[in-house]
K.L.:
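Below you'll find the structure I mean.
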Protein chains: 2
Amino acid sequence: MDIATSPRKRTGNGAARHHDADEIGLDALVGHAGYAVRRFQIWIFQDFIKTLADVDIRPTQYSVMTVIGANPGLSQMAVAKRLGIERARLVHLLDSLESRRLVKRIKSKTDRRSHALHLTAQGETALAKFKRLAAEHERHVEEKIGKENREHLLRILAGFT
Amino acid sequence: MDIATSPRKRTGNGAARHHDADEIGLDALVGHAGYAVRRFQIWIFQDFIKTLADVDIRPTQYSVMTVIGANPGLSQMAVAKRLGIERARLVHLLDSLESRRLVKRIKSKTDRRSHALHLTAQGETALAKFKRLAAEHERHVEEKIGKENREHLLRILAGFT
DNA sequence: TATTGTTATACTCTATAACTATA
DNA sequence: TATAGTTATAGAGTATAACAATA
């Protein structure tokens with residue numbers, strides 16, 4: 001757990017003068033959950049992207065493949081709704097994953113408007129590797145905020161998944 | 001506290017079939033802090049934007065004005081570093097705030113490359129109103145996840161501010 | 001009429017690189 | 001040489017609207 005917890009001194013000066021990086025006060029921002037959550041989310045995504053850089057998979061791509069892997073045959077609408085992604089955006093995400101032969105769209109026979117989504121055999125193998133790397137990333141999170149805090153965070157935010 | 005906590009059943013079927021929205025399992029995603037944090041952050045920003053819609057202020061604009069208000073005379077580099085914003089992006093954010101007469105850039109006399117940032121008189125008044133609305137937004141967060149949980153969250157993430 | 005997938009547009013945000021004027 | 005501010009570009013992500021095929 002190596003969070004930089006240097007104290008932020010409020011200066012409260014009215015005139016222009018030199019500020020050291022650490023003496024710039026955040027004022028009302030310290031009381032806003034959204035500010036801290038946003039900074040944390042940026043850190044966590046950057047670590048995820050770095051940890052999975054070798055396989056070139058980003059958080060959203062990982063979430064799409066994971067849900068398709070666990071629920072084969074889903075339609076694009078179903079995946080989009082479940083993950084809170086715009087269906088227009090999912091089209092491009094799937095184009096990219098399909099061109100890499102990780103996912104395939106299969107024409108549904110019951111509803112010819114929709115596609116049933118599946119991982120390819122190659123996609124299954126790849127996803128297993130992605131999951132191992134994602135677990136490594138999750139250990140980084142644990143090191144950063146602590147085991148207990150990470151578990152508490154997951155409980156607090158369970159309703160948003 | 002009105003989080004939708006309907007249980008997500010794992011289906012585990014291998015064949016394509018109908019899925020109800022709530023029975024689509026997230027599989028490995030449930031163990032990833034980043035997934036929950038991202039969904040929460042989207043919710044919280046949307047509520048912030050909605051709550052401050054009348055004054056047309058977004059979270060990043062609010063954070064910039066708050067830091068300038070509390071530390072008058074800061075340079076653009078100092079604000080960018082403190083808030084983790086790219087200095088190239090801050091240029092456009094300040095262009096927008098300056099055209100609305102909320103913020104002003106004043107040429108520094110000691111270092112003619114840099115600008116000292118200040119709120120205008122109008123900006124001070126406006127920021128006071130923004131802070132009241134932001135506090136209202138913060139109460140929405142409290143209602144959503146609970147008072148204790150919000151406070152615990154702030155403590156857990158204090159190192160990222 | 002409504003829905004699925006698609007295409008297109010606009011705006012926010014992140015990440016770079018390069019330019020200018022200073023230091 | 002290095003830094004502050006600026007301009008530009010590219011890609012992710014969000015938010016819409018509209019269209020064709022199908023229900």
Side-chain angles (χ1 to χ4, degrees), chain A residues 16 18-19 21 34-35 38-39 41-50 52-53 56-64 73-98 103-117, chain B residues 16 18-19 21 34-35 38-39 41-50 52-53 56-64 73-98 103-117:
Chain A
H18 173 68
H19 293 262
Y35 178 73
R38 176 64 174 155
R39 299 291 303 248
Q41 190 253 306
I42 289 170
W43 181 90
I44 213 166
F45 266 44
Q46 282 173 345
D47 185 86
F48 187 100
I49 292 165
K50 203 191 315 168
L52 279 83
D56 191 26
I57 287 289
R58 299 172 61 83
T60 313
Q61 296 174 309
Y62 176 73
S63 69
V64 168
L74 283 185
S75 70
Q76 296 184 194
M77 272 304 295
V79 171
K81 271 188 192 160
R82 185 66 188 85
L83 291 175
I85 301 170
E86 284 297 319
R87 72 186 201 274
R89 182 164 140 60
L90 185 60
V91 171
H92 300 297
L93 285 165
L94 289 172
D95 286 349
S96 158
L97 293 172
E98 202 168 29
V103 164
K104 54 179 185 276
R105 289 165 162 116
I106 297 174
K107 285 270 178 197
S108 166
K109 295 187 175 173
T110 53
D111 182 343
R112 286 161 59 208
R113 291 172 303 181
S114 77
H115 294 150
L117 300 172
Chain B
H18 174 66
H19 293 263
Y35 178 73
R38 176 65 174 153
R39 298 293 302 247
Q41 190 253 305
I42 289 169
W43 181 89
I44 212 167
F45 266 42
Q46 281 173 346
D47 185 86
F48 187 99
I49 292 166
K50 204 191 314 166
L52 278 84
D56 191 25
I57 287 289
R58 298 172 62 84
T60 313
Q61 296 175 309
Y62 176 73
S63 69
V64 168
L74 282 184
S75 69
Q76 295 185 194
M77 273 303 298
V79 171
K81 272 187 190 159
R82 185 67 188 86
L83 291 175
I85 301 171
E86 284 298 320
R87 72 186 200 274
R89 183 163 140 58
L90 185 60
V91 171
H92 300 298
L93 286 165
L94 289 173
D95 285 349
S96 158
L97 293 173
E98 202 169 27
V103 164
K104 54 178 183 277
R105 290 164 162 118
I106 297 174
K107 286 269 177 196
S108 166
K109 295 187 177 175
T110 54
D111 183 343
R112 286 160 59 208
R113 292 172 302 184
S114 77
H115 295 150
L117 300 172

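Residue numbering restarts at 1 for every chain, and letters A, B, ... go by the order of the sequence lines. Please read all numbers here as calculations on a predicted model, not as lab measurements.
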K.L.:
Can you check the B:K107 NZ to D:dA4 P distance for me, whole Å?
P.N.:
14 Å
K.L.:
On a plain distance test, is the side chain of B:R87 in donor-acceptor contact with the base of D:dG5 below 3.5 Å?
P.N.:
yes
K.L.:
Just wondering, do A:P59 and B:R38 contact through their side chains at under 4.5 Å, heavy atoms?
P.N.:
no
K.L.:
Could you tell me if the side chain of A:L83 sits less than 4.5 Å from the side chain of B:Y35, heavy atoms only?
P.N.:
yes
K.L.:
Would you mind telling me which residue lines up with the more 5' stretch of DNA chain C, A:Q46 or A:A88, judged by nearest nucleotide?
P.N.:
A:A88
K.L.:
When the distance from NZ of A:K109 to P of D:dT22 is rounded to whole Å, what number comes out?
P.N.:
16 Å
K.L.:
Any heavy-atom pair between the side chains of A:I85 and A:V64 that's under 4.5 Å?
P.N.:
yes
K.L.:
Within the side chain of B:R58, is there an N or O that forms a donor-acceptor pair under 3.5 Å with the backbone of B:F48?
P.N.:
no
K.L.:
Can you measure A:H115 atom NE2 to C:dT3 atom P for me and round it to whole angstrom units?
P.N.:
19 Å
K.L.:
Just how far, in rounded Å, is C1' of C:dT20 from CZ of B:R112?
P.N.:
13 Å
K.L.:
Taking only the side-chain heavy atoms of A:M77 (C-beta and beyond), determine which of D:dA4, D:dT6, C:dT4 contains the nearest atom.
P.N.:
C:dT4
K.L.:
In this structure, how many angstroms lie between the P atom of D:dA4 and the CG atom of B:D95, rounded?
P.N.:
18 Å
K.L.:
Take atom CD1 of A:I85 and atom C1' of D:dT14, then tell me their distance rounded to the nearest Å.
P.N.:
12 Å
K.L.:
Within this structure, what is the CH2-to-P distance between B:W43 and D:dT14, rounded to whole angstrom?
P.N.:
17 Å
K.L.:
Within the 4.5 Å heavy-atom criterion, are B:R89 and B:T60 side-chain neighbours or not?
P.N.:
yes
K.L.:
Can you work out whether A:R105 or B:D111 has the more 5'-proximal nearest nucleotide on DNA chain C?
P.N.:
A:R105
K.L.:
Provide a list of protein-nucleic acid N or O atom pairs under 3.5 angstrom, restricted to nucleotides 9-13 of chain D.
P.N.:
from	atom 1	to	atom 2	distance (Å)
D:dA12	O3'	A:R58	NH2	3.3
D:dG13	OP1	A:T60	OG1	3.2
D:dG13	OP2	A:R89	NH2	2.5
D:dG13	O5'	A:R89	NH2	3.1
D:dG13	O3'	B:R38	NH2	3.0

K.L.:
If you assign A:G84 and A:R113 each to the DNA chain D nucleotide with the nearest heavy atom, which residue ends up on the more 5' nucleotide?
P.N.:
A:G84
K.L.:
Over how many whole Å does the gap from A:L117 atom CG to C:dG5 atom C1' extend?
P.N.:
11 Å
K.L.:
Mind checking whether A:D95 and A:R105 have side chains closer than 4.5 Å, heavy atoms only?
P.N.:
yes
K.L.:
If I compare all heavy atoms of B:V91 with all of B:Q76, which pair ends up nearest, and what's the gap?
P.N.:
CG2-NE2, 4.0 Å
K.L.:
Taking the side chain of A:E86 as heavy atoms from C-beta outward, which of D:dT16, C:dG5, D:dG5 is closest to it?
P.N.:
D:dT16
